[in-house]
Amino acid sequence: MRPRLPRPLLGGLIALLMTLPGAAAAQTQTTAPAAPRAPGPLGLNLPPPDRAALDGLGLNACPPPTARLDRLLYERTWGEGAALSCGNRVEGLLHLPQADPAYSAQPRTPQGGYDELVAELGRTQRELVIANMIWDEGPDAPGASVALAIARLREDLAAHPQRYPAGLTVRLLFGNTVRASAPFDPRANIYAAAEHLLAAGVPLTGDTVPGWRLEIASYAYTYPHSHMKVIVQDGERVLAGGFNISINHLPGDAPGGRGLDLADVGMWVRGPVARNALAAVRDTWEHSRLLTCSRPPRPGLLRRDCSLAAGPSPWPLVWPAPATPAGTAHVYPLYRRAGFTGADEALTELVGAARTRLDIVQSQIGGTAGCLGELSEVAGCSPLRQLPVWRAVVSAIRDHGVYVRLLLDYDTALQAETLGLLRALRLELRGLGLDDHLQTRWYGTAGGTHTKMIVVDGAMLVVGSQNLHFSSFGRAGLVEYSLATSDAGALREAQGLFDFEWARGTAIRTPWWLPALPGGG
């Protein structure tokens, strides 16, 4: 397996760096001034979100489902999205960089999954909301194609206003995090998107197209930043996944692809649950800063002409009627951030409720931050320092004989955390005579994986942005969004993906500088 080319820093590594003395203070002054709603400068003490908005403002109601795992998530999201969990239609998975015919009908195209995404964005009728962590710069980056899709929407509105009686609103929200090409500038992503929009012919100020509204904002905090990757169309359709608008997810042979081929997955859903996603993005928006230009900016001069304002623009959330059912699928939203961590417990209970098998794809796993001091210990990350979600996995194995398959990313910068946790899990299970119930492999492609996907008992699928890692849990955890569903078609496609990638996964080998895993590797 060849060495991986550089890619953006992952959430947990950034979170770790921000815990170093002085790091948070240095970033706070330039990138995260106190927002009106935040009592502290780091975004750790935010008030809870508008739960009524997350639950559809009381306009929808779903009866309790009968299936065991559905009932669990329905109860865990009660009052925070359960009312929007029925009447949905899962439209399929979006695969990056490319899908394989073994599990998906998604066509292979020059920019892979981004071509599919851009085509879908062009179907927006009233409102397009994109929340993402990273947006890479450059003419061949996928953000250029997304910007062209936005420009075409604006052009169509200008030429055919009758098609858009409510006008067209586009909001872009960024996570205020750094990337490999701009390791000290969390604003690089928002300016890269603005440059792409200008190049596509979309004005950032003084637009004269009637009914057109464009707003761009960045989350106000670096610690913890927003790791959410969500797209909402017309308040009726949502795409939740783990991918960024990044060259890393391009096909390796695409212009600008650089041979990276980093795999990821998103899930399209149409129906009431999209209102929860919209409310979640709006909640994050309320803790963000708006890009404001003092004059019409010119390409390359954005930082002179535009800046991030102190607070967000108003975003009223008004639904005049219940959301229209689109299908019969149950889909459960899992939104979390500082001040709102119920999704952590829901995900923990879900994996702990497994009775037969857990198939998990993760780009980053680990114990708590306290495990970082135990990476070189022969026993690995001790149970007392593991996340509750991993203790739930052990409980499922111990109490119910569940078989667990972990398909993991092999990023050399993060292997120590992964292997430290795996050593501890294997030693504990060996002591119980159950070490054969945990199987692990590296993702088999040269590019590795950035996917966060869980299949529980072949009956519940989770797709989103939340890693099973300390950076995504607890009070200091990142902003995350995932969707869980029992839809048979989605489960079939996800299981096909997992089985295909498991078959070409590779044995986990421990580097010479770490204690070997029990049983070899």
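Remember, predicted model here, so these are calculated numbers, not experimental data. Quick note: residue numbers are just sequence positions, from 1. Because only heavy atoms are used, hydrogens play no part in the values below, and waters and symmetry mates are left out as well, while side chains stay in.
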For Asp185, is there an ion pair with Arg303 - N to carboxylate O distance below 4.0 angstrom?
yes
Are the side chain of Thr485 and the backbone N or O of Leu461 linked by a donor-acceptor pair below 3.5 Å?
no
No-hydrogen, no-angle side-chain donor-acceptor test under 3.5 Å, Thr177 and Asn189:
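Result is no, nothing qualifies.
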Does Asp115 use its side chain to pair, donor to acceptor, with the backbone of Gln111 at less than 3.5 Å?
yes
Looking only at the side chains, is there a donor atom on one of His95 and Glu493 sitting less than 3.5 Å from an acceptor on the other?
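Checked: His95/Glu493 side chains pair up, N/O donor to acceptor below 3.5 Å.
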Starting at OG1 of Thr124, measure out to CZ of Arg237 and round the result to the nearest 0.5 Å.
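Here the interatomic distance stands at 8.5 Å.
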Between CZ of Arg385 and CD of Glu374, what distance do you get to the nearest 0.5 Å?
5.0 Å
Just by distance, no angles: are the side chains of Tyr114 and Ser246 close enough, under 3.5 Å, to form a donor-acceptor pair?
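Distance-only check fails for Tyr114 and Ser246.
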Got a salt bridge between Glu236 and Arg126, using NZ or NE/NH1/NH2 to carboxylate O under 4.0 Å?
yes
Out of Leu128, Asn132, Val146, Val281, which residue meets the side-chain contact (heavy atoms from CB on, under 4.5 Å) rule with Ile231?
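Going through Leu128, Asn132, Val146, Val281 one by one, the side-chain contact (heavy atoms from CB on, under 4.5 Å) with Ile231 is satisfied by Leu128 alone.
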Any salt bridge linking Asp207 with Arg213? Criterion: basic side-chain nitrogen under 4.0 Å from a carboxylate oxygen.
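Salt bridge: no.
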Note: Arg298-Asp305 ion pair, threshold 4.0 Å (strictly below)
no
Any ion pair linking Glu480 and Lys452 (charged N to carboxylate O, less than 4.0 Å)?
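No, this pair does not count.
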Do Phe500 and Leu497 make a side-chain contact, defined as non-hydrogen atoms from C-beta onward lying under 4.5 Å apart?
no
Arg152 bridged to Glu155 by N-O distance under 4.0 Å:
no
Please check if any side-chain donor atom of Asn276 sits under 3.5 Å from a side-chain acceptor atom of Glu80, or the reverse.
no
Within-4.5 Å side-chain heavy-atom neighbours: Tyr332 and Leu483:
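Sidechains of Leu483 and Tyr332: no contact.
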Is any side-chain heavy atom of Phe174 closer than 4.5 Å to one of Ile216?
yes
So which heavy atom on Val351 is nearest to which on Leu358, and how close?
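Heavy atoms only, the tightest pair is O-CD1, 3.8 Å.
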Look at the side chain of His249 and the backbone N and O of Asp261, then say whether any donor-acceptor pair between them is shorter than 3.5 Å.
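Pair absent, no side-chain N/O of His249 close to backbone of Asp261.
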How close do Ala338 and Gly43 get, counting heavy atoms only, and between which atoms?
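Smallest heavy-atom distance, with atoms named: CB-O, 3.4 Å.
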May I ask you to test the Leu347-Ile454 pair for a side-chain heavy-atom distance under 4.5 Å?
yes
Check Ile247 against Asp136 and note the closest heavy-atom contact, atom names and distance.
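Of all heavy-atom pairs spanning Ile247 and Asp136, the closest is N-OD2, 2.9 Å.
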Beyond-backbone contact of Leu94 with Val265, side-chain heavy atoms, under 4.5 angstrom
no
Are any of the side-chain heavy atoms of His469 and Trp390 separated by less than 4.5 Å?
no
Are any side-chain N or O atoms of Tyr410 and backbone N or O atoms of Ala446, one a donor and one an acceptor, separated by less than 3.5 Å?
yes
Ignoring hydrogens, what is the shortest heavy-atom contact between Ala99 and Arg108? Give both atom names and the distance.
O-NH1, 3.1 Å
Does the ring centre of Tyr219 sit less than 6.0 Å away from the ring centre of Tyr221?
yes
Just how far is it from atom CH2 of Trp502 to atom CG of Asp359, taken to the nearest 0.5 Å?
8.0 Å
Please work out whether the ring planes of His196 and Trp135 are parallel, tilted or perpendicular, with thresholds of 30° and 60°.
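Rings of His196 and Trp135: tilted, 30 to 60°.
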Show the numbers, then the answer: is there a side-chain contact (heavy atoms from CB on, under 4.5 Å) between Cys371 and Glu417?
CA-CA 8 Å; Cys371 282; Glu417 276 191 271; over 6 Å; no
Using only heavy-atom distances, determine whether the side chains of Arg475 and Asn45 contain a donor-acceptor pair under 3.5 Å.
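On atom types as modelled, these side chains qualify, holding a pair under 3.5 Å.
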Does Arg304 reach the side chain of Arg295, with side-chain heavy atoms less than 4.5 Å apart?
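Heavy-atom side-chain distance check passes, below 4.5 Å.
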Decide side-chain hydrogen bond (donor to acceptor under 3.5 Å, both in side chains) for Ser363 and Asn467; before the verdict, give the C-alpha distance in whole Å, the side-chain angles of both, and the deciding distance to 0.1 Å.
CA-CA 7 Å; Ser363 65; Asn467 288 298; 3.0 Å; yes
Using atom types as modelled and distance alone, determine if a side-chain donor or acceptor of Glu195 lies under 3.5 Å from a backbone N or O of Gly300.
yes
Verify side-chain contact (heavy atoms from CB on, under 4.5 Å) between Leu308 and Ile190, making sure each step is shown before the conclusion.
CA-CA 10 Å; Leu308 296 180; Ile190 191 170; 3.7 Å; yes
Mutual orientation of the aromatic rings belonging to Trp315 and Trp285 [parallel < 30°, tilted 30-60°, perpendicular > 60°]
perpendicular
Sidechain-backbone polar pair: Gln106 side chain, Gly112 backbone, donor-acceptor under 3.5 Å
no
Going through the checks in order, is the side-chain contact (heavy atoms from CB on, under 4.5 Å) test met by Arg337 and Leu46?
CA-CA 9 Å; Arg337 64 161 171 79; Leu46 301 182; 3.4 Å; yes
Would you sort out whether Ser472 and Gln466 count as a side-chain hydrogen bond (donor to acceptor under 3.5 Å, both in side chains), showing the intermediate values?
CA-CA 6 Å; Ser472 294; Gln466 189 171 12; 5.5 Å; no
Does the pair Ser218 and Tyr191 meet the rule for a side-chain hydrogen bond (donor to acceptor under 3.5 Å, both in side chains), with working shown?
CA-CA 10 Å; Ser218 182; Tyr191 282 117; over 6 Å; no
Mind listing the closest non-hydrogen atom pair of Glu127 and Arg171 along with its distance?
OE2-NH1, 3.3 Å
Measuring from Arg123:CZ to Leu153:CG, what's the distance to the nearest 0.5 Å?
11.5 Å
With no hydrogens and no angle check, is any side-chain donor or acceptor of Arg336 less than 3.5 Å from a backbone partner on Gly474?
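It does hold such a pair.
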Compare every heavy atom of Val463 with every heavy atom of Gly241, then report the nearest pair and how far apart it is.
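Taking every non-hydrogen atom into account, CA-CG1, 4.3 Å.
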Could you walk me through whether Thr418 and Asp409 pass the side-chain contact (heavy atoms from CB on, under 4.5 Å) check?
CA-CA 9 Å; Thr418 297; Asp409 187 68; over 6 Å; no
Can you measure from CD (Gln98) to CD (Glu116) and round to the nearest 0.5 angstrom?
10.5 Å
Drop me the distance from Asn248's CG to Leu260's CG, to the nearest 0.5 angstrom.
5.0 Å
Taking His450 for the side chain and Ala263 for the main chain, is one N or O donor matched with an acceptor at less than 3.5 Å?
no
Checking Trp442 side chain against Gly448 main chain: does a donor-acceptor pair fall under 3.5 Å?
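Side chain of Trp442 to backbone of Gly448: no pair is present.
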Could you tell me whether a side-chain N or O of Ser288 sits under 3.5 Å from a main-chain N or O of Thr284, the two making a donor and an acceptor?
yes
Under 3.5 Å, is there a donor on one side chain and an acceptor on the other for Asn176 and His225?
no
Please tell me whether Thr368 and Gln386 have a donor and an acceptor in their side chains that are separated by less than 3.5 angstrom.
no
Are Pro186 and Val178 side-chain neighbours, meaning at least one heavy-atom pair lies under 4.5 Å?
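Counting from C-beta outward, Pro186 and Val178 do come under 4.5 Å.
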